[in-house]
There are 2 protein chains.
Amino acid sequence: MSKRGSAPTLEDVAAEAGVSRATVSRVVNADPRVSESARERVLAAIDELGYAPNRAARSLVTRQADSIAVVIPETDARVFSDPFFAGTLHGIATALSRTELQMILVMGQPDDGDGRLSKYLRGGHTDGAIITSHHRRDEFWRTAQAAGLPVVFLGRPFAPVPGMPYIDVDNAHGAALAVRHLLEQRRTRIATIAGPVDMVAGADRLAGWRGELRGAGLRDDAVAHGDFTAAGGRAAMEALLASHPDLDGVFVASDVMAVAAMEVLSAHGRSVPDDVSVVGFDNIDTAAEATPALTTIVNPIAAMARQAVGLLLGLMNGDVVPAAVTLSTELVVRDSSIPTSRR
Amino acid sequence: MSKRGSAPTLEDVAAEAGVSRATVSRVVNADPRVSESARERVLAAIDELGYAPNRAARSLVTRQADSIAVVIPETDARVFSDPFFAGTLHGIATALSRTELQMILVMGQPDDGDGRLSKYLRGGHTDGAIITSHHRRDEFWRTAQAAGLPVVFLGRPFAPVPGMPYIDVDNAHGAALAVRHLLEQRRTRIATIAGPVDMVAGADRLAGWRGELRGAGLRDDAVAHGDFTAAGGRAAMEALLASHPDLDGVFVASDVMAVAAMEVLSAHGRSVPDDVSVVGFDNIDTAAEATPALTTIVNPIAAMARQAVGLLLGLMNGDVVPAAVTLSTELVVRDSSIPTSRR
DNA sequence: TTGAAAGCGCTAACAT
DNA sequence: ATGTTAGCGCTTTCAA
């Protein structure tokens, strides 16, 4: 019988099984140094009492939180509406489900080392962190570093931090693939809706677009920036249409923005793909369902998430892990890029 | 100076400030019974040492986890792709951001009282729980009840549990509004794509549809069930078209399914809204952006989430809280329901 | 293989 | 106003 009201403790189990607390602890933690008979009695007692270890007490002594933080320095509104984050979180959650680790979502604006976020990272609530959607000015990784917290970047940081590996996708190459495809469609005035300049993915995709265009001897001045949201994509497309009305192809740095851009093009009487070929980036679910179906670059989000978890676990385990892992992209051709005359 | 390696503790701060641990604790917890001079010295020491309280130690003694669980008995794939959950989580996160509470997302298949989920609820990791997407067979609330954990249902449970309040939206009334609107468009063969029968929201919306149709003296046999996913909506629409080819109106129990259903209708050469009027439910962002724009019932998800957090906080605080809160719905008329001839 | 005992960092009586 | 002290439930030496 446990003390009335409160949850059963190790002590209760020990009493019920007629052994010491230490033995119960060993059974719970799968320590082999326990006799078969003792183990059986303890297991029976645990079952009988419905015992569940108190994590706080365990954490206090082991100095482990059994959880990792997923840091996303964006507003929760953004996180919960962007399919990119959905994919990332899904991937991480899936990879984590094989472990005993809890995933703790930490959103919100980054700070200068002393806000909520940094406080949290310092509080010892987690055993590691995956930092994603990293912006140039974000520096809370310093907090993590100072606290000795294992960290993995999901998406290459601006300046790699020694000891903090990153997983990235070959953004520049993906963008180049997109442009090459556009060139193959005989497009000669190719614009881009780039991502934010303060994010590596945005900068890399822009660089890839630029490199490929220059290589083909074409102008690379038709650039508008969006913030990876639909509204941002719409605004950027409007700006592009105003500044470069002769465009016949657009590489958009994210599918969310690309779908929005296609709507703007239609609204302006430009047929996609007959007047303008559009290629997105990410290959989110809605890309295939858009009208017209969106040609895009596959961003292996799930694989990245899995890799990130793998690296973090390695880091937490003291293993030697690679400083960087880069995944490749590929082109998926759908209707939005191929003029009907060329089918 | 703190002990080498480890994070500074209360003890370190106390030594640095020249006071006792208790005084530091009082400062940290904003206890007024501290002299101004002591407070200042402690604050300086905290700043100097970069002290952050160890949550595990605190939890151990206060028996509070400073976090609440958001239980969603669906696969993480589903949770992270359905805008309904996005809205819910966003609402909860927003409401929680005013507090010191952490939100812990607990997903995965429900169990019969002894799986991962129940273990977690019993482990004392949280001070309360919001259970959403409740299915008929889910019974882990029993675990919570046995553990004395405050629980709020986001969405009415099949059988209300005394002491566990619920927030719900008037689903039946919303469905009735939808049907009434369809009747006003002179639709006489009105079908429905209902939600899963094992979820209250599904059952209530079906009942609302049925009641209104019968009231109008129309047949209520054109029913297909979907699981609130796009794929489910597509399949249900196909089934409906096969079994009731004469339908001229459809009330779909969720926008995600409604958008999918409209695609199927188009693919079958049925014009929406000229041949068939469609009304959805939820009013997610994409409803307004669909082609045609989807007429739907506003589901006040954010308000529900806010209410749920409010009730849970009240419960955790020992306040007397209402056993149920029901929010009302309203109709938003867009293009999908009104034949062009009637504009 | 098992148990006794110390202690993780903190809060909360209780004493002063 | 401040300090002293006793645990919270667990893991982990150290002895036996």
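Proteins get letters first, then strands, A, B, ... in listed order; numbering begins at 1 in each.
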**Minimal non-hydrogen separation, B:Ala45 against B:Glu16, with atom names** = CB-CG, 3.4 Å
**Request:** Establish, with yes or no, whether the OP1 or OP2 oxygen of C:dG3 is under 4.0 angstrom from a side-chain nitrogen or oxygen of A:Thr23.
**Result:** yes
**Prompt:** Taking C-beta and beyond as the side chain, do A:Ile92 and A:Leu154 meet within less than 4.5 Å on heavy atoms?
**Reply:** yes
**Asked** Just how far, in rounded Å, is C1' of C:dT11 from CG of B:Asp31?
**Response** 11 Å
**Donor-acceptor under 3.5 Å (A:Asn29 side chain, A:Asp31 main chain)** = no
**Request:** Let me know the distance between CG of A:Asp66 and C1' of D:dG9, rounded to the nearest Å.
**Result:** 15 Å
**Prompt:** Considering all heavy atoms of both residues, which atom of A:Val200 and which atom of A:Pro157 are nearest to each other, and what is their separation?
**Reply:** CG2-C, 3.8 Å
**Item:** For atom CG of A:Asn54 and atom C1' of C:dC10, their distance in whole Å
**Value:** 14 Å
**Message:** I need the full list of salt bridge (Lys or Arg N to Asp or Glu O under 4.0 Å) pairs touching residues 142-167 of chain A, with sequence neighbours left out, sorted by first then second residue.
**Reply:** A:Glu139-A:Arg142, A:Arg156-A:Asp168, A:Arg156-A:Asp204
**From A:Leu313, A:Asp127, A:Val321, A:Leu315, residue fulfilling side chain to side chain contact (heavy atoms under 4.5 Å, CB included) relative to A:Pro150** = A:Leu315
**Asked** Just by protein heavy atoms under 4.0 Å, how would nucleotides 11-16 of chain D read 5' to 3' in B, S and -?
**Response** BBB---
**Item:** Terminal helix-axis angle for the helix from C:dT1-D:dA16 to C:dT16-D:dA1, with five pairs defining each axis and rounding to 10 degrees
**Value:** 30°
**Request:** With sequence neighbours excluded, tell me which residues meet side chain to side chain donor-acceptor pair (under 3.5 Å) with A:Asp66.
**Result:** none
**Message:** Under 4.0 Å from OP1 or OP2 of D:dG3: is there any side-chain N or O of B:Ser20 that close?
**Reply:** yes
**Asked** How many Å lie between CG on A:Leu60 and C1' on C:dC8, as a whole number?
**Response** 4 Å
**Item:** Heavy-atom side-chain contact between B:Met316 and B:Ile68 under 4.5 Å
**Value:** yes
**Prompt:** Do any of residues 37-45 of chain A sit with a heavy atom less than 4.0 Å from DNA chain D, and if so which?
**Reply:** none
**Asked** Is the phosphate of C:dC10, meaning OP1 or OP2, less than 4.0 Å from a side-chain N or O of B:Ser59?
**Response** no
**Prompt:** Does the B:Ser59 side chain pair with the main chain of A:Ala56, one donor and one acceptor, at a distance under 3.5 Å?
**Reply:** no
**Item:** Nearest heavy atoms of A:Val34 and A:Val27, plus distance in Å
**Value:** CG1-CG2, 3.9 Å
**Prompt:** How close or far is atom C1' of D:dC8 from atom CZ of B:Arg55, stated in whole angstroms?
**Reply:** 17 Å
**Prompt:** Residues two or more places apart in sequence or in another chain: which of them pass side chain to side chain donor-acceptor pair (under 3.5 Å) with A:Thr23?
**Reply:** A:Ser20
**Asked** Whole Å only: how far is the CD atom of B:Gln64 from the P atom of C:dG9?
**Response** 22 Å
